[in-house]
Amino acid sequence: MSLWQATFIFEKKEYDAEFHALNDIIEQATLASSGYLGMESYQSADGLRLINNYYWSDKAGMEASIHNAHHVEAKGKSERWLAGYQVIIAEISTVHNHALSHPLKAFSR
């Protein structure tokens, strides 16, 4: 079994009603995608940079979430809401966990 991580690093601008509506739809599609395991989010001390890590046990589910029509629409409008972003897609080879609640805890060696 492969594990996958999509890391979304971004600096935000102002969000509007359209952003929140799209974000809610994208979140529901992500939660329903095959193999979705969970996510975690971090914020820089100044609150400007955010990092969201999403985890899947199914590459096709991750790709379906990434290529969802609403997600593609939001990417096309991202300059309205984001000052910049970077996405990193990684296949996870090993997980080590000691007593930490985490979406990948069950896969720890």
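Note that the structure is a prediction, hence the values are computed from the model and not measured. Counting from 1, the numbers follow the sequence of the chain as shown.
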Please tell me whether V87 and I66 are part of a single hydrophobic cluster in this structure, the criterion being side-chain heavy atoms less than 4.5 Å apart.
yes
Sequence neighbours excluded - ring pair (Phe, Tyr, Trp, His ring centres under 6.0 Å) pairs with any residue from residues 89-109:
Y55-H102
OG1 on T7 to CG on N53, rounded to 0.5 Å:
4.0 Å
Heavy atoms, side chains only, cut-off 4.5 Å: are W56 and S65 in contact?
yes
Name all residues meeting the side chain to side chain donor-acceptor pair (under 3.5 Å) criterion together with S41; count only those two or more places apart in sequence or in a different chain, and write none if there are none.
N52
Please verify the inter-ring angle class for Y15 with H20; under 30° counts as parallel, over 60° as perpendicular, anything in between as tilted.
perpendicular
If you take all heavy atoms of L22 and W81, which pair is closest and at what distance?
CD1-CH2, 3.9 Å
If you round to the nearest 0.5 Å, how far is CE of M62 from OH of Y36?
13.0 Å
Just checking E91: does its CD atom have more than 12 heavy atoms from other residues, nucleotides or ligands closer to it than 6.0 angstrom?
yes
For R49, what residues pass the side chain to side chain donor-acceptor pair (under 3.5 Å) criterion, not counting sequence neighbours?
E11
Would a 4.5 Å heavy-atom cut-off, applied to side chains only, mark L82 and K75 as touching?
no
The residue among H70, H71, K77 that forms side-chain hydrogen bond (donor to acceptor under 3.5 Å, both in side chains) with E73 is K77
How close do S44 and L48 get, heavy atom to heavy atom, and via which atoms?
OG-N, 3.4 Å
Is there a donor-acceptor contact under 3.5 Å from the side chain of N23 to the main chain of I25?
no
With the 4.5 Å side-chain cut-off for hydrophobic clustering, are Y85 and L50 part of the same group?
yes
State, to 0.1 Å, how close L37 and S57 come at their nearest heavy-atom pair, and which atoms those are.
CD1-N, 3.8 Å
Look at the side chain of K13 and the backbone N and O of R80, then say whether any donor-acceptor pair between them is shorter than 3.5 Å.
no
If you group Ile, Leu, Val, Met, Phe, Trp and Tyr by side-chain heavy-atom gaps below 4.5 Å, do L104 and M39 land in one group?
no
Co-membership, hydrophobic cluster, residues Y54 and I89, 4.5 Å side-chain:
yes
